[in-house]
Amino acid sequence: MINDPTRSTQHSALSTPAVRVRIAPSPTGLPHIGTFRTFLFNWLFARQKGGAFVIRIEDTDRARLIPGAIEALTEAVRWFGLDWDEGPEVGGPYGPYLQSERLPTYHEQVERLVRDGRAYRCYCTPERLDALRAEQQARKEPPGYDRLCRDLTDIERARRDAAGEPSVVRFAVPLDGSTTFQDLIHGDVTWENRVLDDFVILKSDGYPTYHLAHLVDDHVMEITHVLRGDEWISSTPRHMLLYEALGWVPPIFAHLPAILGPDRKKLSKRHGPTGIAAFQEAGYLPEALLNYLGLCGWSPGTDQEIFSLKELVEQFSLERVNQTGAIFDHAKLDWFNGVYIRAMGPQELAVRLRPFLGETAGMLDDDALMAISGLFQDRLKTLGEARELMDFFFVDRLEYQAAMLIQKGMTVAQTIEGLRRSAVLAAEIASFDPEALESAYRVLTDELGLKPLQLFMSIRVASTGMTATPPLFATMAVLGRERCLRRLTAAVERLSGSM
RNA sequence: GCCCCCGUCGUCUAGUGGCCCAGGACGCAGCCCUUUCAAGGCUGAGAUCGCCGGUUCGAAUCCGGCCGGGGGUACCA
C-alpha cells in the first residue's frame with residue numbers, strides 16, 4: 001500500500017484545495033427563478049471542477065420563516081434533475097447545514113471579536129435607531145449608525161448587562177483606510193471604510209445576521225468560491241473586514257448579474273409568477289428552463305444556443321459570465337420549450353403530457369394518447385396549452401357557431417350539401433387513413449365545384465369545432481370514422497335547422 | 001443624498017485597436033411550402049455600439065467627464 005504508485009497523485013490532488021461551492025437560500029419564500037440561476041451556475045461550476053456542491057439553509061431570520069420552504073426547494077432541485085453533495089436530507093461532513101443549529105459557533109466567534117475589540121455590544125433601541133435615521137434623512141446626511149455605544153466603558157456595559165437591557169453586537173468598522181476585494185467577474189472593487197457603518201452581527205434574539213453567519217459557515221465548511229447575486233457586492237467590503245478581523249482567508253468571489261423584469265428592476269412577484277412551481281405547472285420542461293437559465297448571464301462565445309446539461313457542464317466558465325443584468329424573456333423561454341418538445345420521442349411526449357390533460361384524457365391508453373399528442377407536437381410551446389388545443393378529442397359535444405361552417409364564397413345550401421356528401425364519404429370510404437381520406441376528399445371537392453379550402457375548412461369546423469387544427473385528414477384519422485361521421489351529421493342538422 | 005455595479009438591435013448576446021458602415025438568437029414583417037394553425041426554408045426591417053471630449057494613422061474596443069439604469073444604505077437575506 002505504501003508503495004502504491006497512485007499514492008503520490010492522490011496526495012498532490014489533495015494538496016490542491018478541491019473546489020467547494022454552496023447555495024445558501026433562506027427559507028423565507030418559495031424557490032424563485034433567480035435563486036435557481038444562481039443554483040445552476042454554482043452547480044455547473046462544481047461539477048466541471050469535480051468539486052462539491054453544498055446546500056446550506058440560512059434560517060436566521062426567525063420572523064420570516066415559511067414552513068415547507070426547504071422541502072419545496074429540494075423538490076424543485078429534483079425536478080430539474082440536479083443534485084447536491086451535502087446539505088438537507090443528505091447531510092455531510094461539514095454539518096450542520098442549518099444555521100439555526102450552529103448558534104454556539106457564531107457566539108464563540110462573536111465573543112472573540114468582542115474580546116479583540118473588533119466588535120461591541122450596542123444597547124440602542126430600535127426606536128432610537130428609527131429616530132436617528134429619520135433625522136439623518138431630514139438633514140440629508142447619509143443614514144447609518146452613529147456609533148453611540150462604540151466607546152462605552154466596561155463599567156457602563158456591565159451595568160446595563162446586569163440591568164438586563166437587550167443588546168445587539170455590532171462590528172467596529174475601522175474609521176479610516178479602505179477595503180478592496182477581487183471579483184472574478186467585476187475585477188477589483190474598493191470602498192472607503194468611512195462610508196461603512198458599524199453593522200449588526202448578532203441580533204438581540206441571539207441569532208447572527210447574514211453577514212456573520214454566512215461567513216462563519218463558509219469558513220467552517222471550507223467553501224472556496226462564493227458565486228452569488230450581485231446585490232451582494234455592496235456588503236462584500238463588510239465581509240472582507242470581518243474576514244480580516246477573524247484572521248481568516250476569504251474565498252474567491254464572483255458576483256452574478258441579476259435577472260430583471262421588463263422594467264429593468266430585479267425580477268420579483270410584481271412581474272408575474274417567478275416561482276419554480278409556476279413554470280412547472282404551466283408546462284415548461286426542466287431541461288428547457290435549465291437551458292434558458294444557463295444562457296441568462298452566461299454565453300459560450302459561439303453561436304450555440306441549445307445545450308444539454310452535460311454540454312453546459314463542459315463549456316461553462318466564470319470568465320464568460322456577463323456583468324450586465326438580463327431581462328427575463330418569456331418569449332425566448334417559450335421558444336426553447338418548443339424546441340425541446342419537438343425533439344422528444346412520441347411516447348415520451350405522451351407520458352409527459354398526460355398530467356396536463358383532464359380526466360377524460362386520463363382514460364386513454366398510451367397508444368391513443370400518443371396518436372393525439374403526435375398531432376400537436378409541432379404546435380406546442382408549453383405542455384399546459386395542450387389541454388385546450390386537444391379538447392375536441394375529449395368532449396362529446398362540440399361548441400361552435402354554426403356560421404363558422406360556411407366558408408367564404410359558399411351558400412348555406414352548398415355547405416349543407418358539402419357536409420352531407422362528406423358524411424356519406426366518411427361512412428363509405430374503405431380505409432380511414434390520412435392518405436386515402438385526402439385523395440377521396442379532393443375528388444369530392446372537384447365534384448362539388450368547391451375549392452379545397454372551402455370544403456376542408458367546413459369539415460374541419462364540423463369535426464373539431466375549431467378553425468386552427470393539425471392537418472385535417474391526420475386529425476380525422478385519429479378521431480376515427482365513428483366520431484367524424486357523427487360530427488359531420490350533427491353539422492348538417494345544425495345548418496338545416498337554422499334555415 | 002451617499003457608496004458600489006452596469007450601459008452593443010425591442011430582448012438575450014458576439015465583439016478585448018484595423019477581419020465591424022457591427023455577427024448570431026428570440027421576437028417582428030414578408031415570401032416559399034400548404035386544406036387551417038404550426039413546424040421548416042428563405043428574405044427583410046431593426047444598434048449613428050448611452051452622450052461629450054481625449055489618446056491613436058485608425059476605437060464598440062484604451063482614458064476622462066457627464067447622463068441614464070440598477071443595487072446597497074435593516075436587529076432581511
Side-chain angles (χ1 to χ4, degrees), chain A residues 24-29 58-61 63-64 122 124-126 129-130 133 136-137 139-145 166-170 183 185-186 189-192 194-197 199-205 207-211 213-214 228-237 255 257-258 260 262-266 292 295-306 322-336 338 342 375-381 389 438 441-442 445 451-461 464 466-473 475:
Chain A
S26 66
T28 53
E58 312 223 317
D59 58 346
T60 53
D61 185 354
R64 297 198 306 157
C122 165
C124 294
T125 62
L129 264 16
D130 287 346
R133 214 177 346 262
Q136 286 166 329
Q137 265 157 10
R139 270 183 284 155
K140 298 197 167 182
E141 285 170 12
Y145 181 58
S167 62
V168 301
V169 175
R170 287 180 184 274
D183 187 284
I185 294 164
H186 296 275
V189 185
T190 301
W191 265 262
E192 296 298 322
R194 61 184 157 72
V195 306
L196 271 20
D197 72 350
F199 54 97
V200 173
I201 56 176
L202 190 71
K203 302 183 247 187
S204 57
D205 65 0
Y207 279 82
T209 60
Y210 169 84
H211 299 303
H214 93 278
R228 69 208 327 182
D230 65 7
E231 70 267 26
W232 291 110
I233 289 180
S234 18
S235 353
T236 307
H255 286 95
L260 277 18
D263 57 0
R264 292 215 153 266
K265 292 191 195 307
K266 223 168 77 180
Y292 176 71
L295 260 18
C296 225
W298 174 79
S299 83
T302 65
D303 286 347
Q304 184 176 357
E305 302 255 12
I306 303 300
N322 296 308
Q323 300 176 309
T324 326
I327 294 176
F328 190 85
D329 187 351
H330 271 278
K332 189 145 189 177
L333 206 214
D334 282 350
W335 175 77
F336 272 109
R342 272 171 253 133
L375 292 173
F376 291 89
Q377 187 154 17
D378 283 352
R379 274 154 265 264
L380 293 175
K381 292 218 184 302
L389 291 174
E438 174 156 5
Y441 276 99
R442 284 197 185 276
T445 303
K451 292 177 187 153
L453 176 64
Q454 294 175 312
L455 183 64
F456 293 179
M457 189 53 92
S458 285
I459 300 174
R460 168 174 287 111
V461 172
T464 69
M466 304 174 81
T467 53
T469 72
L472 179 59
F473 302 110
T475 304

Touch class at under 4.0 angstrom, heavy-atom based, for [X] against every strand present:
{"X": "A/V168", "value": "base"}
{"X": "A/T445", "value": "nothing"}
{"X": "A/G338", "value": "nothing"}
{"X": "A/T236", "value": "nothing"}
{"X": "A/S299", "value": "sugar-phosphate"}

Going 5' to 3' through nucleotides 59-74 of chain B and flagging B where a protein heavy-atom sits under 4.0 Å of the base, S where only the sugar-phosphate is that close, and - otherwise, we get ----------SSBSSS

In the 5'-to-3' direction, what one-character label does each nucleotide of nucleotides 27-40 of chain B receive under the scheme B = base within less than 4.0 Å of a protein heavy atom, S = sugar-phosphate only, - = no such atom? --------BBBBSS

Which base, if any, makes a Watson-Crick or G-U wobble pair with B/G7, both distances under 3.5 Å?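 Its partner is B/C67.
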
Both distances below 3.5 Å, Watson-Crick or wobble geometry, any strand: find the nucleotide opposite B/G58.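 Per the H-bond distance test, none.
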
Set of salt bridge (charged side-chain N to carboxylate O under 4.0 Å, His left out) partners for A/R264, sequence neighbours left out: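 Residues passing salt bridge (charged side-chain N to carboxylate O under 4.0 Å, His left out) with A/R264: none at all.
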
Could you work out the separation of [N] and [M] based on their [atom1] atoms and round it to a whole Å?
{"N": "B/U43", "M": "B/A25", "atom1": "P", "answer": "11 Å"}
{"N": "B/G27", "M": "B/A38", "atom1": "P", "answer": "12 Å"}
{"N": "B/A47", "M": "B/C2", "atom1": "P", "answer": "36 Å"}
{"N": "B/G18", "M": "B/G30", "atom1": "C1'", "answer": "37 Å"}
{"N": "B/G70", "M": "B/U11", "atom1": "P", "answer": "14 Å"}
{"N": "B/G53", "M": "B/C12", "atom1": "P", "answer": "28 Å"}
{"N": "B/G23", "M": "B/G46", "atom1": "C1'", "answer": "14 Å"}
{"N": "B/U13", "M": "B/C6", "atom1": "P", "answer": "14 Å"}

Give a yes/no on whether any side-chain N or O of [X] is located under 4.0 angstrom from OP1 or OP2 of [N].
{"X": "A/Q323", "N": "B/C6", "value": "yes"}
{"X": "A/T324", "N": "B/G7", "value": "yes"}
{"X": "A/N322", "N": "B/A14", "value": "yes"}
{"X": "A/H255", "N": "B/C5", "value": "no"}

Would you call the rings of A/H214 and A/Y210 parallel, tilted or perpendicular, where under 30° means parallel and over 60° means perpendicular?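 Ring orientation, 0 to 90° scale: parallel.
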
Ring-plane angle category for A/F199 and A/H211, please: parallel below 30°, perpendicular beyond 60°, tilted otherwise.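 Geometry flag for A/H211 against A/F199: perpendicular rings.
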
Starting from C1' on B/A77, measure out to CD1 on A/I201 and report it in whole angstrom.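 Answer to the nearest Å: 17 Å.
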
Please confirm whether the backbone N or O of A/V200 pairs with a side-chain atom of A/T209, one donor and one acceptor, at under 3.5 Å?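 Answer holds: yes.
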
State which of B/C75, B/A25, B/U11 makes the closest approach to the side chain of A/E305.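 Minimum distance to the A/E305 side chain belongs to B/A25.
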
Quick check for you: among B/U11, B/C3, B/C4, whose closest atom lies nearest to any side-chain atom of A/V189?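 Looking only at side-chain atoms, A/V189 lies closest to B/C4.
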
Pair A/T469-A/R379, side-chain donor/acceptor within less than 3.5 Å: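 No.
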
Could you check whether A/F473 and A/Y441 have their ring centres less than 6.0 Å apart?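 Close enough - the centres of the two rings lie under 6.0 Å apart.
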
